[in-house]
Structure formats: structure tokens, C-alpha cells
Number of protein chains: 2
Amino acid sequence: MGARRGIPDATVARLPVYHRVLTALQEQRVATVSSEELATESGVNSAKLRKDLSYLGSYGTRGVGYDVEFLVYQIARELGLTHDWPVVIVGIGNLGRALANYGGFASRGFRVVGLLDSDDTTVGQQVGHVVVDVGIDPATARAALGAQAMSRTVRHLNELEDLVIASKPAIAVIATPAKAAQDVCDRLVGAGLKSILNFAPVVLSVPSDVEVRKVDLATELQILAFHEQRRNREAQASPTQVDLTNEETVLVPSGGKL
Amino acid sequence: MGARRGIPDATVARLPVYHRVLTALQEQRVATVSSEELATESGVNSAKLRKDLSYLGSYGTRGVGYDVEFLVYQIARELGLTHDWPVVIVGIGNLGRALANYGGFASRGFRVVGLLDSDDTTVGQQVGHVVVDVGIDPATARAALGAQAMSRTVRHLNELEDLVIASKPAIAVIATPAKAAQDVCDRLVGAGLKSILNFAPVVLSVPSDVEVRKVDLATELQILAFHEQRRNREAQASPTQVDLTNEETVLVPSGGKL
DNA sequence: CGGTGTGAATTCATTCACAGCG
DNA sequence: CGCTGTGAATGAATTCACACCG
């Protein structure tokens, strides 16, 4: 039973991991893989993995496993990695720069078509490496370089609408300070964007047909701090170890977890 | 009924958002807030918010709402934001630099005590602004500046163990390339760290008493791409617009928002 | 009256366990 | 026989709806 309708969100969130692991296996010339192996490499258990994959279709072979190459392709197609996704980045501070340079984007069909900032000292700067695959013919290379150089030059925020019209980004990344984020978001939405990745530490309000995903660095640290604190509270309450040394790794003999 | 035992993970993940919103309200001198208001600002519904807060204790007043200042403190305490959390960042590329400079850390008790990299041209560099609050007395300022300058100088990865002994970081951030991440992780774990925030696109394997949280930029984009693709498929199936140009993503002229 | 706190109902996700296929 | 694919069981998170209190 192929399930074209409604892959659960939790599954969608794991597909990129499976895809990455499978791609690595592919590079090692591994032809097939069992749910058990793939699950271990992906940090999940095998039942979950099999159920996840079953939402895409029955792509495995009983008694054998999954064909790596075939599965890579199926997941890529499901995620839309076979398309080209033009991305605009707004806010070219440290984080925006880091994102503009991030290799993991280009390799999966995400192509930076524009960089925007409102700071006059940043506008006009060239950001990131301009790279062309070797073995490309000179004319194409020249054109590609030109286009890349263009899309790597930071433009002023007030060109946002022009950029959207000209380059039709499908996804916008907001890496501005918190204060500017909602305004930028409103303009992106006004220009027709429907997919936004937000790094600013604010909750953006958008119409219900726009999807926003949020990455909040401080939040992640706070969650870690919560668990760290809980661990310490428990250690204090428990009878054993004195653990004010740094070298610890006392690895609880047979730990009382949760 | 105060619930000391077991705040659900999903709730813990939302507490930082509530805390941020409440802090903003506090700065606007708002004294009390209802679950409805706080929920809207936090992007959740009010029932969820009330249930979340109920895990911390009965801190609201019926017919009135929550005391902003009191609630800020309670959440901060629960998350451990009243502590100081020394952080070490490993991998000082674009992202590591961005993280080292990120203001959202310092303001919540996260203090960068060390920066590590294995690249000799990076080692020795000074990263990030060294800042001291105004109105501090000169001697203290001098000491603070010294300590900060120290902790802002990139040190070589092979000093990792020394740094852990000297500065006792509670949390490590891995911002290295994928290839280096597992090795770095093993060394951090070996040195006793139990809380790791991983930006490298790999699944880290760690003992079960170590907590790893992962932020994967490419993954987030892929999830957006999935939904974007689904939206487009549906649009295609629906009667209106033709959209078979190669440049795809034909912007709807003046939006039919939902 | 207005708004919190919370059992009960519901929805969503994970895990179990095994039938059935290659 | 080995491993996938999946119903059924369990568990977690969300939402409902209202008793209860200030």
C-alpha cells in the first residue's frame, strides 16, 4: 500500500537523516542495507525506520533489505531534492554569512539567489566563495560565475520585492536581529513567499498558508541546561560519587536513569 | 499540585519561548498576563500554555492571570537560567564565529569559556567582541576584560582536555565539519562533558548518560522543501493556474491569501 | 464574572510482535 | 530462513470542557 496521502510530520523530519546516511553508504558503494543497519546509523530503532519508509511505499525486499541507490532516489524525490530550490537570505550578519557559505545547502538543491541587508556598510559586499565545478566548459563557467557573483553580492533590503520578482526564491531564510524579523517576514509574505526558515528569536505571525520553521540557538542551549541541572540535582540527592573533579566519566556503574 | 517529577519534553522545549515573551512583557512594565495573551504571543493555544505552566506549579491567579515578574523567575529557575553555564565551542568556522558572537547566549547565563579549532591559521585568532558592562569599577573591568580576551582567543584542539580541566564547561557546542564531529565528540565525552549541542550534519554516538541535541540547517530546509513541493503538487491538481514553465514558482499576481 | 487548573477525550507517535513474502 | 511491512498495543502530547476559585 503506497501511501500518497499524509506522511506524518515526525516521519518527514527524519527523512533527511535517512537520506544523508544512505548517500554516505552509496559513496561507499554499499548496494543494499537492512532496516536494522540503516536505523542504527540514523540513530533510531528499526521498527520506526521501517514504518517511516512504509509511508513512501514498499521499497524493500523481504529477507534482503533496501536497495541503497533506489531508496536514495525515492527519498530525494519525496523531499523535493530532485528540484532546484532558490533561497534568499535576509540579514547578513555573522549567522547570515555562515549560512551563505554553508556547503550543505548547495549539495541538496538549495541555491542562494540573493542576500539582503539593511546596513549600508554590508550592502555591496561580496559574501562567500564563488565556485564552479571543474570540467565545465568555459562559456558556461563564465555565465555561471557571473550569476553566482551577482547572487553573492549583498543588496539592500529595499530591493527585496525586486529580487523576489526577478529570482523567484521559493524559500526565505531570516537571519536578522529579533527587532527586524517581523517586518522582514511581512514583506516576504507580501511578495508571495510561503516557506520561511527563521533564525531570529521571535515568534513570527503569518497567514495560515505560510509555513515557518524556527531554529533558535539559545532555546537549544536552554533545553540542555535544563537537563544538565536536573542531572546535577539528582547527583546531589543520590548517595554515591563526590564528583567535583573534572575528570569524572565515572560512568554510573549501572545507572539509575529516569 | 506542584509537579516536581517529570516535566514532559515537549513542555521543556516551549519554556524558553514563554520566558522570552515574558521578559519582553516585563520590559514593557506589564504586571500581569492572561494565558490567552501569553499563548498568542508565544504562538501556542491557551490550553497548552496553561497545562505547560501547571507542571511548574499553580502560579496563576484565577480571574486575573499570571504575575509576569514572578513567572519569569519561576521559569528561569526551572530552566537553570539563574545559574551560570560555561560553554566551549569547538570548530571556529563561519558558524562557530557566529555562535561565539551571538548575543542571545550571554544574556541567558551562557558564557563562552573557550574556543577550539584544529586549523593552525585559525588558532590564535581573537574572535568576537570583548565587552564589559558600563558602570563597572575599573579593577573589576580590567579583570573581566582579561578573562574574556583569554576565552576569546582560539586555542588548538589538542588543548581540549586542558581547557575542560581549567574552565569546566558544562556544555559543548560542536560546529566542526561532519568528518571531525565524532572524534571531537568522543574527546568531549572522555573529558566528562554530558551536554552537547551538535551543528555538524552527523548522528553522534554517545553513552546513554550524555545528552546530544542536534541542529541541522540542511534538514530544516529540506522539511520546508517537502511542504513547498506538496503545496505545488496540490496547486497543480486544483483547477486554477498553469505553471509548467521551467522557472516554475509563478507568483500568484496579487495574493489570494487564505 | 473571568480566567486558571485539570480530569477526560482525542489525536498523534512509537513500539511490539508476527504474518507473509522473497 | 531472514527481513520487511503492518495491524494492534502502548505511550505521549494536545485539546476539550468545565469545576472551581479570587
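In what follows, chains are A, B, ... by sequence order, proteins preceding strands, each numbered from 1.
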Checklist entry - Checking A/N198 side chain against A/V202 main chain: does a donor-acceptor pair fall under 3.5 Å? => result yes
Checklist entry - Does the side chain of A/Y66 get closer than 4.0 angstrom to OP1 or OP2 of C/dG22 through an N or O atom? => result no
Next on the checklist: Applying the ring pair (Phe, Tyr, Trp, His ring centres under 6.0 Å) criterion to B/Y59, which one of B/Y73, B/Y66, B/F70 satisfies it?
Outcome noted: B/F70
Next on the checklist: Nearest heavy atom decides the nucleotide; on that basis, is B/L53 or A/R14 closer to the 5' end of DNA chain C?
Outcome noted: B/L53
Next on the checklist: I'd like to know whether A/H19 forms a side-chain contact (heavy atoms from CB on, under 4.5 Å) with A/T23, so could you lay out the CA-CA distance, the side-chain angles of the two residues, the decisive distance to 0.1 Å, and finally the verdict.
Outcome noted: CA-CA 6 Å; A/H19 183 262; A/T23 303; 3.7 Å; yes
Checklist outcome for this item: Looking only at C/dG5, C/dA13, D/dT15, the nucleotide nearest the B/N45 side chain is D/dT15
Item to check | Interatomic distance, B/L49 CG vs D/dT14 P [rounded to whole Å] | outcome: 12 Å
Checklist entry - Tell me: CG of A/D52 to C1' of C/dC12, nearest whole Å? => result 13 Å
Next on the checklist: Could you tell me if B/T32 and B/D67 have a donor-acceptor pair between their side chains, going purely by distance under 3.5 Å?
Outcome noted: no
Checklist entry - Angle class for the A/Y102/A/F105 ring planes (parallel below 30°, perpendicular above 60°, tilted otherwise)? => result perpendicular
Checklist outcome for this item: Regarding the side chain of B/R50, the nearest nucleotide among C/dT14, D/dC18, C/dA17 is D/dC18
Checklist entry - For residues 32-42 of chain A, which residues have at least one heavy atom under 4.0 Å from DNA chain D? => result A/S34, A/S35
Next on the checklist: Any donor-acceptor pair under 3.5 Å linking the side-chain atoms of A/E228 with those of B/S195?
Outcome noted: yes
Checklist entry - What nucleic acid atoms does B/G63 come within less than 4.0 Å of, heavy atoms only: base, sugar-phosphate, or nothing? => result base
Next on the checklist: C/dA13, OP1 or OP2 - any side-chain N/O from A/Y55 closer than 4.0 Å?
Outcome noted: no
Checklist entry - Per the atom types in the model, does the base of D/dG2 pair as donor or acceptor with the side chain of A/R62 at under 3.5 Å? => result no
Checklist entry - Between B/R231 and A/K194, is there a donor-acceptor pair closer than 3.5 Å when you use the side chain of the first and the backbone of the second? => result yes
Checklist entry - Atom CG of A/D9 to atom C1' of C/dT14: distance rounded to whole Å? => result 15 Å
Item to check | Side chain of A/K51 (C-beta onward), nearest among C/dA17, D/dA13, D/dG7 | outcome: D/dG7
Checklist outcome for this item: B/D67 CG to C/dG3 P, in whole Å, measures 16 Å
Item to check | Atom-pair distance (CG on B/L56; P on C/dT4), nearest Å | outcome: 15 Å
